Amino acid sequence: MPDQEDHSGTNAAPAYITTPIYYVNDKPHIGHAYTTTICDVWARAKRFEGRDVFFLTGTDEHGVKVEKSAKERGMEPQALADENAAEFQKVMGLFNLSNDDFIRTTDPRHEEQVRRFVKRLHDQGDIYLGEFEGWYDEGQEEYHTETKAKELDYKSPISQRPLVRATETNYYFRLSAYQERLEKFLAENPDFVRPEARRNEILGRLREGLLDVPVTRTNFSWGIPFPGDEEHVIYVWIDALMNYATALGMADPDSSERARYWPASYHVIGKEILWFHAVIWPALLMALDLPQPRCVYAHSFWISEGQKMSKSLGNFIDLEQLQGYMDTYGRDALRFFLASQGPLGATDSDFSRSQFHETYNTDLVNTLGNCASRTSAMIGKYCEGACPTDTGEDAGGAEEWAQFTAAQMDASLAAMDRFDLSGSIAAAMAIVRKVDAFINETAPFKLAKDPDNAVTVGNILYRCAEAVRIASCLLEAVMPARMNDLRVAWNLGEPSGNIREECTWGRLNPGTEIEKVALFPRVEFTESE
RNA sequence: GGCGAUAUAGCUCAGCUGGCUAGAGCAUGGGAUUCAUAAACCCAAGGUCGCAGGUUCGAGUCCUGCUAUCGCCA
């Protein structure tokens with residue numbers, strides 16, 4: 001398991017989490033927002049634990065597609081990249097993302113280090129000049145393997161023109177040489193590729209044997225020139241993967257203060273790019289003699305109202321739509337939905353308006369919001385708005401609550417550690433549900449009718465408020481703004497940076513002014529936007 | 001085509017190495033209650049566990065075939 005070390009909070013162990021860098025030829029949509037948001041949740045959670053976190057995201061800007069799109073629009077590739085990179089940076093603001101850096105593959109710091117890495121690989125013989133012969137589709141500018149070409153009846157699937165036999169000289173990475181080491185590494189690190197279904201896919205393909213992979217192209221020029229042979233341009237994938245290392249200055253002799261974050265705790269990616277991260281990237285790191293990341297986590301996809309999102313259907317959930325959800329339900333509600341209902345497993349998740357609404361109502365309005373509301377309302381009515389004292393007696397002992405909340409905190413933090421966001425959220429929500437049950441059982445609103453019960457009512461309400469406070473701390477990484485609203489209304493102060501300490505039972509001070517809160521306003525359901 | 005996965009209540013899913021009348025959450029219907037955001041709570045209804053065979057004293061759980069859906073194929 002990743003990141004089991006040091007929960008004391010006294011020694012801030014570094015943690016490093018990354019999103020893929022996003023291809024600027026695409027428009028940002030829910031997939032990008034999702035990956036970045038779940039990384040943000042993890043990063044915040046680790047910071048609350050007192051960890052020294054580095055959270056990286058960025059954009060992938062080279063390659064033939066960007067070059068082409070730029071030409072079509074009559075602009076320079078860099079201008080197009082600038083324009084679209086800005087779109088992706090907009091996501092950071094929109095979702096309140098706490099990334100520590102935003103790397104672009106056109107950054108000079110990146111390009112310099114990639115050349116340095118590649119030169120090293122070439123010098124030591126891991127990259128060699130080789131020739132490739134295959135079936136070439138002149139219209140699409142791509143090669144097909146023999147089996148694929150046969151399947152296509154040796155014709156272009158787009159233009160129907162015959163494929164031609166062509167030869168290309170490229171630089172290759174000696175991936176095949178790493179077959180055994182990769183197999184051994186994956187066998188010894190069962191949690192390296194997650195979830196397990198994805199790991200099995202990789203193991204299966206690995207058994208079929210590895211071929212060397214091209215690391216340069218000559219059919220376009222928008223990229224990083226190969227050191228010493230500038231006609232060749234470094235293939236986007238190699239360029240892109242290396243961002244994880246270049247952002248920390250791993251090939252920069254002058255700037256290494258970020259090197260302490262290496263290696264990544266999590267490279268969070270979508271399942272479509274697993275092969276590069278689970279096989280090629282580790283092999284590159286072996287060749288470069290760098291420590292391996294602890295886990296490559298490949299999540300699945302969001303589908304939209306039961307349908308796969310595709311260009312032909314034009315049903316991508318884009319930033320405008322997400323903005324719409326935020327306007328109606330609030331940004332934190334969207335973060336909560338993404339984190340709790342997202343496709344972290346092997347299967348895809350459906351993003352539908354009705355399901356979003358249902359989740360919002362059930363978990364946030366009816367459970368969390370309502371519980372905070374009824375607790376603070378009773379403190380307002382029966383305790384003059386001041387947090388009561390817990391004498392430790394009567395109805396549902398304080399010791400049991402202390403034990404219960406401590407167990408839920410452990411479960412919540414452990415789930416977060418293994419990137420089980422919905423599990424982490426569920427453990428926190430269980431505290432809230434228990435408070436609701438406790439209120440129903442002990443009925444402080446009935447006891448309060450008799451002044452003789454004042455002590456018991458105080459005991460009950462202290463326990464309710466304290467439990468809600470602890471749950472809110474555990475949910476702060478997911479919903480920083482709303483949970484901060486609670487902090488303000490209940491005068492809880494700032495997060496301490498040591499969540500274990502903060503979740504200790506009894507930290508809530510009697511006498512604290514508790515103001516009634518309505519954290520999540522009820523929303524009318526509308527079929528369309 | 002090759003390799004692999006999945007098919008369980010209206011929806012999303014649990015059901016480990018086979019063992020009593022198949023579970024949860026949400027949605028639905030009814031009840032009770034009032035501190036609370038028409039909320040929390042209680043009860044009910046709802047499934048031939050994809051189809052067909054087989055192994056077994058006994059299979060949602062193992063085997064075979066079929067169907068459907070999905071993933072990966074550098």
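Every value quoted in this text rests on a predicted model; they were computed, and no experiment measured them. Computed from heavy atoms alone, side chains included, the values below leave out hydrogens, waters and symmetry copies. The sequence lines fix the lettering, A, B, ..., with proteins before strands; numbering per chain opens at 1.
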Name the nucleic acid region contacted by [X], choosing base, sugar-phosphate or nothing; use a 4.0 angstrom heavy-atom cut-off, strictly under.
X	value
A:Ala518	base
A:Gly209	base
A:Lys434	nothing
A:Phe276	nothing
A:Gly204	nothing
A:Arg198	sugar-phosphate
A:Leu274	nothing
A:Ile280	nothing
A:Asn440	base

Under a 4.0 Å threshold between the charged nitrogen and the carboxylate oxygen, would A:Glu201 count as salt-bridged to A:Arg205?
no

If I pick the [atom1] atom on [M] and the same atom on [N], what distance separates them, to the nearest angstrom?
N	M	atom1	answer
B:A24	B:A45	P	12 Å
B:G4	B:G65	P	12 Å
B:C72	B:U64	P	26 Å
B:C13	B:C49	C1'	13 Å
B:C70	B:C35	C1'	49 Å
B:G47	B:G60	C1'	11 Å
B:U21	B:U48	C1'	16 Å
B:A22	B:A9	C1'	10 Å

Nearest-0.5 Å distance that lies between atom CE in A:Met286 and atom CG in A:Leu288:
11.5 Å

Using 30° and 60° as the class limits, which term best fits the ring planes of A:Phe356 and A:Phe351: parallel, tilted or perpendicular?
tilted

Taking the six-membered ring for Trp, are A:Trp401 and A:Phe404 parallel (under 30°), tilted (30 to 60°) or perpendicular (over 60°)?
perpendicular

[X] has a side chain; which of [options] sits nearest to it?
X	options	answer
A:Asn370	B:A36, B:A27, B:C73	B:A36
A:Lys446	B:C35, B:U33, B:A39	B:U33
A:Met378	B:G71, B:C35, B:A39	B:C35

When you measure only distances, ignoring hydrogens and angles, does the side chain of A:Asp436 come within 3.5 Å of the base of B:A40 through a donor and an acceptor?
no

Given atom [atom1] of [X] and atom [atom2] of [N], what is their separation to the nearest angstrom?
X	N	atom1	atom2	answer
A:Leu206	B:C3	CG	P	17 Å
A:Ile439	B:U33	CD1	P	19 Å
A:Glu524	B:U37	CD	C1'	12 Å

Using heavy atoms to find the nearest nucleotide of RNA chain B for A:Ala377 and A:Thr362 separately, return the residue whose nucleotide is more 5′.
A:Thr362

Residue mapping more 5' on RNA chain B - nearest nucleotide basis, A:Leu210 or A:Thr375
A:Thr375

[X] side chain N/O closer than 4.0 Å to the phosphate oxygens (OP1, OP2) of [N]?
X	N	value
A:Lys381	B:A36	yes
A:Lys516	B:U37	yes
A:Asn200	B:G4	no

Working note: A:Tyr34 + A:His299, criterion ring-ring contact (aromatic ring centres under 6.0 Å, His included); need CA distance, chi angles, decisive distance, verdict.
CA-CA 10 Å; A:Tyr34 174 65; A:His299 66 70; 4.9 Å; yes

With the side chain counted from C-beta on, respond yes when A:Ile379 and A:Pro388 share a heavy-atom pair under 4.5 Å apart, and no when they do not.
yes

Aromatic ring proximity A:Phe173/A:Tyr235, centre distance under 6.0 Å:
no

